[in-house]
Amino acid sequence: MHTDCTNGRENGKGCQIYVCATPDGKALYFAREKKGHEGVKDTVTEDYQGILVHDHDRTFYNYGTDHQECLAHVLRYLKGSMDNEPDRTWNKDMHSLVQEMIHFRNGLQLSEELDPCKVSEFEERYRKILETARKEYENVPANDYYRDGYNLFLRIEKYM
């Protein structure tokens, strides 16, 4: 299930809107006064027993049985890194790889098994790009103005 939280308005007053959506397109929306655990309380996310796909909001790691960062968010963060760190190559390479992996997976039938050789190839390329990122940040550390690219690198390394 995909879950996310965004700002919104309810009856003219600011609120947090929690979205819970299934792959078949069904979605529930919950307006809450607060973010975090208080916002998740009494939503579908609170009791969900499956994989949660989200934007890496740490609150969501306390729910569900497993987690995946939303790839639309990863691509957006990579684009931000490309715009703000144009001298780096890892972000461009990872953006291309993630798009290729999504295209590959979307080309399969839901019942179709993933080819282990293709998955290993993707994993090897992923690791090489992470090595490039590590070297690029060792040579030219992230600056105080823009750390999002570096933080993304650390996160996608940890949660590969």
Side-chain angles (χ1 to χ4, degrees), residues 1-8 16-30 35 39-40 43-140 142 146-160:
M1 177 175 73
H2 292 258
T3 189
D4 201 358
C5 177
T6 190
N7 296 323
Q16 303 299 314
I17 300 171
Y18 281 81
V19 181
C20 302
T22 58
D24 62 1
K26 295 182 177 112
L28 291 171
Y29 300 87
F30 301 88
K35 288 183 80 169
V40 172
T43 69
V44 179
T45 301
E46 183 179 37
D47 298 315
Y48 186 70
Q49 296 299 305
I51 299 170
L52 285 175
V53 180
H54 53 86
D55 65 352
H56 191 66
D57 180 328
R58 292 181 188 262
T59 301
F60 295 127
Y61 284 99
N62 294 281
Y63 305 95
T65 56
D66 206 351
H67 303 270
Q68 177 183 324
E69 187 164 0
C70 173
L71 294 178
H73 284 90
V74 171
L75 288 170
R76 187 179 315 139
Y77 302 147
L78 285 166
K79 182 75 172 91
S81 175
M82 291 161 54
D83 291 344
N84 288 283
E85 302 174 309
D87 54 320
R88 303 194 192 271
T89 62
W90 82 271
N91 46 22
K92 298 166 193 69
D93 293 342
M94 187 62 79
H95 190 275
S96 294
L97 178 60
V98 170
Q99 284 183 317
E100 184 181 339
M101 291 188 296
I102 291 169
H103 181 74
F104 171 75
R105 181 61 184 97
N106 286 343
L108 299 175
Q109 299 296 319
L110 288 177
S111 61
E112 196 173 349
E113 292 290 319
L114 292 172
D115 175 6
C117 292
K118 188 67 175 172
V119 171
S120 292
E121 176 193 317
F122 283 141
E123 289 174 346
E124 180 62 26
R125 289 170 58 198
Y126 192 100
R127 286 186 183 95
K128 284 184 179 180
I129 294 168
L130 291 177
E131 287 175 32
T132 299
R134 186 175 296 103
K135 289 176 187 169
E136 289 182 348
Y137 285 115
E138 284 173 2
N139 294 336
V140 181
Y146 183 82
R147 297 194 60 81
D148 292 355
Y150 179 70
N151 292 339
L152 175 63
F153 154 64
L154 294 176
R155 189 165 67 245
I156 64 175
E157 180 179 50
K158 181 178 178 180
Y159 295 103
M160 183 179 155

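In this chain, numbering begins with 1 at the start of the sequence shown. Computed from heavy atoms alone, side chains included, the values below leave out hydrogens, waters and symmetry copies. Because the structure is predicted, anything quoted here is derived from the model rather than measured.
Remark: side-chain polar atoms of Ser96 are paired, donor with acceptor, to backbone N or O of Lys92 under 3.5 angstrom. Remark: the backbone N or O of Gly50 is paired with a side-chain donor or acceptor of Thr65 at under 3.5 angstrom. Between the side chain of Glu138 and the backbone N or O of Lys135, no donor-acceptor pair lies under 3.5 Å. When atom types are taken as modelled, the side chain of Asp24 and the backbone of Lys26 share a donor-acceptor pair closer than 3.5 angstrom. In terms of modelled atom types and a separation under 3.5 Å, the side chain of Arg88 and the main chain of Thr132 share no donor-acceptor contact. In this structure a side-chain-to-backbone donor-acceptor pair under 3.5 Å is present from Tyr137 to Tyr150.
Rounded to the nearest 0.5 angstrom, Glu46 CD and Thr3 OG1 are separated by 11.5 Å. Annotation: the span from His56 atom NE2 to Asn151 atom CG amounts to 9.0 Å, rounded to 0.5 Å. In this structure, the separation between CZ on Arg147 and CG on Leu154 is 8.5 Å, given to the nearest 0.5 Å. Of the inter-residue distances, the one linking His103 atom NE2 with Leu108 atom CG reads 10.0 Å to the nearest 0.5 angstrom. Rounding to the nearest 0.5 Å gives a distance of 11.0 Å between CG of Leu71 and CD of Gln99. Between atom CE of residue Met160 and atom OH of residue Tyr126 there is a gap of 6.5 Å, rounded to the nearest 0.5 Å.
Using a cutoff of 4.0 Å between basic side-chain nitrogens and carboxylate oxygens, Lys128 and Glu131 are not scored as salt-bridged.
Neither side chain, Glu69 nor Tyr77, offers a donor N or O lying under 3.5 Å from an acceptor on the other. For Gln16 and Thr6, the side-chain atoms include no donor-acceptor pair closer than 3.5 Å.
Counting non-hydrogen atoms of neighbouring residues, nucleotides and ligands closer than 6.0 angstrom, the CD atom of Glu113 reaches no more than 12 such neighbours. Residue Ile51 places its CD1 atom among 12 or fewer non-hydrogen atoms of other residues, nucleotides or ligands, all under 6.0 Å distant.
When side chains are defined from C-beta on, Leu130 counts as touching Ile156, because their heavy atoms get closer than 4.5 Å. Residues Asn91 and Glu85 are in side-chain contact: their nearest non-hydrogen atoms beyond the backbone lie under 4.5 Å apart. Looking at heavy atoms from C-beta onward, Tyr18 lies out of side-chain contact with Thr45 at the 4.5 angstrom threshold. Using a 4.5 Å heavy-atom threshold, the side chains of Leu97 and Phe122 count as touching. Contact check for Leu78 versus Leu152: side-chain heavy atoms found under the 4.5 Å cut-off. Using a 4.5 Å cut-off on side-chain heavy atoms (C-beta onward), Asp4 and His73 make contact. Side chains of Phe153 and Met94 form no contact here, defined as non-hydrogen atoms less than 4.5 Å apart.
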Check the pair Val40 / Thr59 against side-chain contact (heavy atoms from CB on, under 4.5 Å), numbers first and verdict last.
CA-CA 9 Å; Val40 172; Thr59 301; 4.0 Å; yes
Step by step, work out the side-chain contact (heavy atoms from CB on, under 4.5 Å) result for Val98 and His95.
CA-CA 5 Å; Val98 170; His95 190 275; over 6 Å; no
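Tested against His54, the residues Tyr48, Tyr61, Tyr159, Tyr63 include a single ring pair (Phe, Tyr, Trp, His ring centres under 6.0 Å) partner, Tyr61.
Listed here is the closest heavy atom pair of Cys20 and Val44: SG-CB, 4.1 Å. Of all heavy-atom pairs spanning Glu100 and Lys118, the tightest one is OE2-NZ, 4.1 Å. Between Ala133 and Trp90, the shortest heavy-atom contact is CB-CG, 3.4 Å. Considering every non-hydrogen atom in both Leu52 and Gly64, the closest pair reads CD1-N, 3.8 Å.
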